[in-house]
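These numbers come from a predicted model, not from an experiment. Lettering follows sequence order; numbering is per chain, from 1.
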There are 2 protein chains.
Amino acid sequence: MSTGRERAASSPTVADVAKAAGVSFATAARALGGYGHVSAKARAAVEAAGAELGYRRNDVARALASGSTRSVGLVVGDIENPFFATVSRGVADVLEPEGYTLLLANSDEDPAREARAIEALRTQVDGLLIAPAASAGAARTQDPGKPLVLLDRSVNGLEADCVTVENAAGATRAVEHLVERGHRRIGIVTSGAGSSSTAQRIRGYRGALKAAGLEIDPAWEAVTPEFTPTGARDAALRLLGAPKRRRVTAVFATDNFMTHGVWLAARELGLKVPDELAVVAFDDIDWLTLVDPQVTAVVQPVMELGREAGRLLLRRLAEPGAKVRRVRLGTELVVRASSG
Amino acid sequence: MSTGRERAASSPTVADVAKAAGVSFATAARALGGYGHVSAKARAAVEAAGAELGYRRNDVARALASGSTRSVGLVVGDIENPFFATVSRGVADVLEPEGYTLLLANSDEDPAREARAIEALRTQVDGLLIAPAASAGAARTQDPGKPLVLLDRSVNGLEADCVTVENAAGATRAVEHLVERGHRRIGIVTSGAGSSSTAQRIRGYRGALKAAGLEIDPAWEAVTPEFTPTGARDAALRLLGAPKRRRVTAVFATDNFMTHGVWLAARELGLKVPDELAVVAFDDIDWLTLVDPQVTAVVQPVMELGREAGRLLLRRLAEPGAKVRRVRLGTELVVRASSG
DNA sequence: CTGAAAGCGCTAACAG
DNA sequence: CTGTTAGCGCTTTCAG
């Protein structure tokens, strides 16, 4: 079985290839690593020897020696939220072609877990993309000492590249639309305003009511501490369970989980949409056009949000001293049947 | 500004902490790294110095020295597919508590991209989880030389730990249900059978028809090469656009993208579900209970699939020589309104 | 329990 | 263009 000449079972290293190719360690390293100058002849010899031995570069060693890992970390609230799934895809689409690998972590919208994720990721990546759970939270205090871009949400007092959408304006537009349709009692179903984007949507909602000369009734603001469809359902049930005469005739849901909850609650209560309850959602998502009636929504460019964040990170990686850039993406109200 | 005593701006290393704590390099390394024996006194000194200087372990260096990265790679078809999003979450849920970081890559169901992803990940991880794009593809030829577990799909001739669901049985049950409801012309909307799970579902469909003594008509099998809802819609349109007399009265969709396509096509053609068309889906997904009528589905334990895969990898990491284990998870048919 | 020293596999000066 | 030689920051023998 044994010819008595095999190497150890583990992967061949640059030194092994160099020996086999009959060149110096440095030459082999250069040819294999694709840097510096190597003559065509030497390169050919090294490549042949490399292929023969089945050489494969050790990225960990390369990272330690070069100081760059060629990977980036992404911390999202919950990868099961289609919003973040799409964002991740956008990020991957711009970073992978540049040779970066994506490291993913879920924060579960919890600043403590977010902090742990940042800590676990910081030394293994060249840069970090974070959708901060709370605007006062971990992302600010955890300075990873690496390029960082904030995604979808900003953090008070943190001077970092940031991509968001026009949350307040989008929310305002949604509510204006409801006002135009004749609604006077307009509620909102939202998660606790931990994230800046949610906070801004709430602000946009209130601003639009005020601008229309309408009352702002705390009883119309259903807040769930849980960032889940069932949490949203419970909150919506409380809001919509009010006696008909005091009940809101329209509701604005601040994100796709909230919309899901509203939809469940309306069905449970037997409220006819849009006749008994008009609905406008923030964030478009597949099923909004699959249900009947289809749901009116503030569409945000989710994939582009991820892409742009990726681009910002790429730029900062290339140019660490560049001026902080804050990109704000527009939204669009797409009117469908649920708003009457 | 300068007291003339600061260190370089970069992160402090074990050596810096050792010096500050007045102990040897090795002692500091042990205390900081949490291994070996260190006296309480020395540990306290090191910890104080570490906190003072803001020491943070460099995981890349640790990985190179120890040979273990404490991270694992996950290659999925498309993180935007809710199925994979949930799987990822399941994997993360079991691996993160063990201190592993998750590296994510999308293969876009393309063996070539899958191969590239495996290659990019292999040296940076302790183990790999892969949902192989094709049963003949990359996962087999790319031997990463690291523990590997197959997720949701198996690969012919690859002796590796594997978690799947009972695809054929689930599909058979779905079709039997349709037969019980009196259907005789039952179609299928599916992606090309690149993956083992899809292939098995198609097999289950055919098997059930045969067992019921029904015809197996190739014209009833709508196949899309694209693994997307729009691809599925196009295929479904062709299937359902047939003249009424020859048209199928029921359709089985092999996964959630296919179901989405069927739903779109049925609406476009104005087919009333379930009266003019009964629908059964493989894989339950949120919106199936949000639409009207609600969709009957073969429910698979998606989160558990991810968790179990994570557990298998953990086991193999701990015990590399263990016997290959193949886990098969059960499914359950949940009857709702779409099947009549 | 502590210390010294040898690497992990590669990149990056620096000479030639 | 090629070769030599330090490290990168940590884990891990091996002695004491």
Side-chain angles (χ1 to χ4, degrees), chain A residues 7-47 49-50 53-71 99 122-126 145-146, chain B residues 7-47 49-50 53-71 99 122-126 145-146:
Chain A
R7 279 188 21 74
S10 71
S11 265
T13 71
V14 172
D16 299 323
V17 176
K19 201 171 303 169
V23 299
S24 77
F25 176 92
T27 299
R30 283 193 268 255
L32 259 11
Y35 58 90
H37 300 288
V38 185
S39 69
K41 195 176 135 208
R43 158 160 292 119
V46 172
E47 274 167 5
L53 298 180
Y55 171 80
R56 285 147 105 179
R57 174 175 65 217
N58 181 328
D59 287 318
V60 172
R62 155 176 276 215
L64 180 59
S66 71
S68 158
T69 62
R70 299 300 291 178
S71 58
R122 61 177 288 282
T123 54
Q124 324 190 32
V125 300
D126 288 353
K146 289 278 172 71
Chain B
R7 277 190 20 75
S10 72
S11 264
T13 70
V14 172
D16 299 324
V17 176
K19 202 171 305 171
V23 300
S24 76
F25 176 92
T27 299
R30 284 192 266 254
L32 259 12
Y35 57 89
H37 299 287
V38 185
S39 68
K41 195 175 137 207
R43 158 161 290 120
V46 171
E47 274 166 5
L53 297 180
Y55 171 80
R56 286 147 105 179
R57 175 175 65 216
N58 180 327
D59 287 316
V60 172
R62 155 175 279 214
L64 180 59
S66 70
S68 158
T69 62
R70 300 299 291 178
S71 56
R122 61 177 287 282
T123 55
Q124 323 190 32
V125 299
D126 288 353
K146 291 278 171 71

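- Looking at Asn58(A) and Thr123(B), their side chains never bring a donor and an acceptor atom within 3.5 Å of each other.
- Nucleic acid contact for Val38(A): sugar-phosphate only, since backbone atoms but no base atoms lie under 4.0 Å from a heavy atom of the residue.
- In this structure, Arg30(B) and Leu64(B) both approach DNA chain C, and ranking their closest nucleotides by distance from the 5' end singles out Arg30(B).
- Between dG9(D), dA5(C), dA13(C), one nucleotide has an atom nearer to the side chain of Thr13(B) than all others, and that is dG9(D).
- In this structure, of dT12(D), dC1(C), dT2(D), it is dC1(C) that holds the atom nearest to the side chain of Ser39(B).
- Listed nucleotides dT2(D), dT2(C), dC10(D) differ in distance to Ser24(A); the shortest reach to its side chain belongs to dT2(D).
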For a side-chain contact (heavy atoms from CB on, under 4.5 Å) check, start with the C-alpha distance between Leu53(A) and Asp16(A), then their side-chain angles and the critical distance, and finish with the verdict.
CA-CA 8 Å; Leu53(A) 298 180; Asp16(A) 299 323; 4.2 Å; yes

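- For His37(B), counting side-chain heavy atoms from C-beta on, the closest listed nucleotide (dG9(C), dT2(C), dT2(D)) is dT2(C).
- Residue Val23(A) places its side chain closer to dG3(D) than to any other of dG3(D), dC10(D), dC10(C).
- The side chain of Ser66(B) sits closest to dT11(D) out of dC8(C), dT2(C), dT11(D).
- Contact annotation: Tyr35(B) does not reach the phosphate of dT12(D) (side-chain N/O to OP1 or OP2, under 4.0 Å).
- In this structure, the nucleotide among dG9(D), dA13(C), dT2(C) sitting nearest to the side chain of Ala65(B) is dG9(D).
- Within 4.0 Å (heavy atoms only), Ala42(B) reaches sugar-phosphate atoms of the nucleic acid but no base atom.
- Closest approach of Asp126(A) to Arg70(A), counting heavy atoms only: OD2-N, 3.0 Å.
- Side chain to side chain, Ser66(B) and Ser68(B) fail the donor-acceptor criterion of an N or O pair below 3.5 Å.
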